[in-house]
Amino acid sequence: MSPQPTPSRPLDQRTLRDAFGAFPSGVVAVAASVKGQLTGIAASSFTSVSIDPPLVSFSIATTSSTWPLLREAEHLGISVLADHHDVVCRQLAGPREERFTGLPFKVTGNGAVLLDEAVATYDCSVHEEVVAGDHVIVLLHVHEVGAGDGEHPLVFHRSAFAKLHRDDLDPSQLDGRINGAEVDRGATSTAPTASAASEDEAAKHAEDAA
Ligand SMILES: Cc1cc2nc3c(=O)[nH]c(=O)nc-3n(C[C@H](O)[C@H](O)[C@H](O)COP(=O)(O)O)c2cc1C
């Protein structure tokens, strides 16, 4: 017998947060050195937006105490967190003065902060800010990108961290194209089976920032 669809529930905040949390995402560090001060947050709302011009976005809560500082940066660094960065992610979402303690990173000439061992990095500047309810959608112009060393991404899903099961991305099982671009059929599947672990801060974000 096929499974019955879950009946729809009224749209209260809890229901909405649960629905938002059902959508898996990666996590990035958004960071810069602003007037000599290391400034940054963890964000799961990062997404690609446009190829021409090159734009990406993330959304930040209007209550953020960091964004008013970070938005003053000449350039912002985006680092896609790797699956061993779960502790780093918690740190970047924790007390402001401790966010970069012990973290290996580099600062570019224009102040973007890029984490070591990231899956990918983007050197960006703020293109536009769009107020959207209790968040601001920040559109970033991408100036440079950096590729990692084949690290696998950290996945955020239902307020927990998880790892990708690479078999799911086996290019030989795709039709050869994603978003109109050729898929590299030479890639191999390497990573272990997915595993997830609950994280207090992640759960808090799902509640506070979803
Ligand atoms: C996994 C994870 C994802 C997060 N994603 C976002 C996000 O997309 N937008 C956001 O405003 N805050 C997000 N946060 C919370 C921020 O990292 C940070 O804790 C928050 O901005 C509060 O700090 P602030 O007042 O210094 O800005 C996330 C936290 C975690 C743990």
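Only this structure's heavy atoms are used, side chains among them; waters, hydrogens and symmetry mates stay out. Atoms within a ligand are numbered from 1 in the order they appear, just like the ligands themselves.
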Check your understanding: In terms of atom number and element, which parts of ligand 1 are under 4.0 angstrom from non-hydrogen atoms of A93?
Key -> 17 (O), 19 (O), 29 (C), 31 (C)
Practice item. Would you mind running through ligand 1 and noting each atom that sits below 4.0 Å from a heavy atom of C89? Key: 1 (C)
Practice item. Determine which pairs satisfy salt bridge (charged side-chain N to carboxylate O under 4.0 Å, His left out) with at least one residue from residues 137-155, sequence neighbours left out, and list them in order. Key: none
Check your understanding: Would one find an N or O of F161, backbone or side chain, under 3.5 Å from an N or O of ligand 1?
Key -> no
Point to revise | Test side-chain contact (heavy atoms from CB on, under 4.5 Å) applied to F58 and V30, V136, L139, the passing residue | key: V30
**Study point:** Nearest-0.5 Å distance that lies between atom OG1 in T108 and atom CG in D123
**Key:** 4.5 Å
Revision key, fill the gap. Among S44, S25, A160, closest by heavy atom to atom 5 (N) of ligand 1 is S44
**Study point:** Option set R99, Q91, R96, criterion heavy-atom distance to atom 22 (C) of ligand 1, minimum
**Key:** R99
Exercise for review: Look at atom 26 (O) of ligand 1 and find which of T66, L69, V27 reaches it with the closest heavy atom.
Suggested key: T66
Practice item. Count the heavy atoms belonging to other residues, nucleotides or ligands that lie under 6.0 Å from CD of E129, then report whether that count exceeds 12. Key: yes
Point to revise | Contacting atoms of ligand 1, where contact means under 4.0 angstrom from a heavy atom of I60 | key: 11 (O)
Review point. Which of the atoms of ligand 1 are close to S64, meaning less than 4.0 Å from one of its heavy atoms?
Key: 24 (P), 25 (O), 27 (O)
**Study point:** Ring center gap for F46 and F156 short of 6.0 angstrom
**Key:** no
Check your understanding: Rounded to the nearest 0.5 Å, how far apart are CD of E128 and OG of S57?
Key -> 11.5 Å
Review point. Do any nitrogen or oxygen atoms of A61 come within less than 3.5 Å of a nitrogen or oxygen of ligand 1?
Key: yes
Review point. Can you find an N/O atom of S65 closer than 3.5 Å to an N/O atom of ligand 1?
Key: yes
Review point. Any side-chain donor-acceptor pair under 3.5 Å between T66 and R99?
Key: yes
Exercise for review: Identify, with sequence neighbours excluded, every residue that meets ring pair (Phe, Tyr, Trp, His ring centres under 6.0 Å) alongside H143.
Suggested key: H75, H141
Review point. Is the closest heavy atom of F156 to ligand 1 under 4.0 Å?
Key: yes
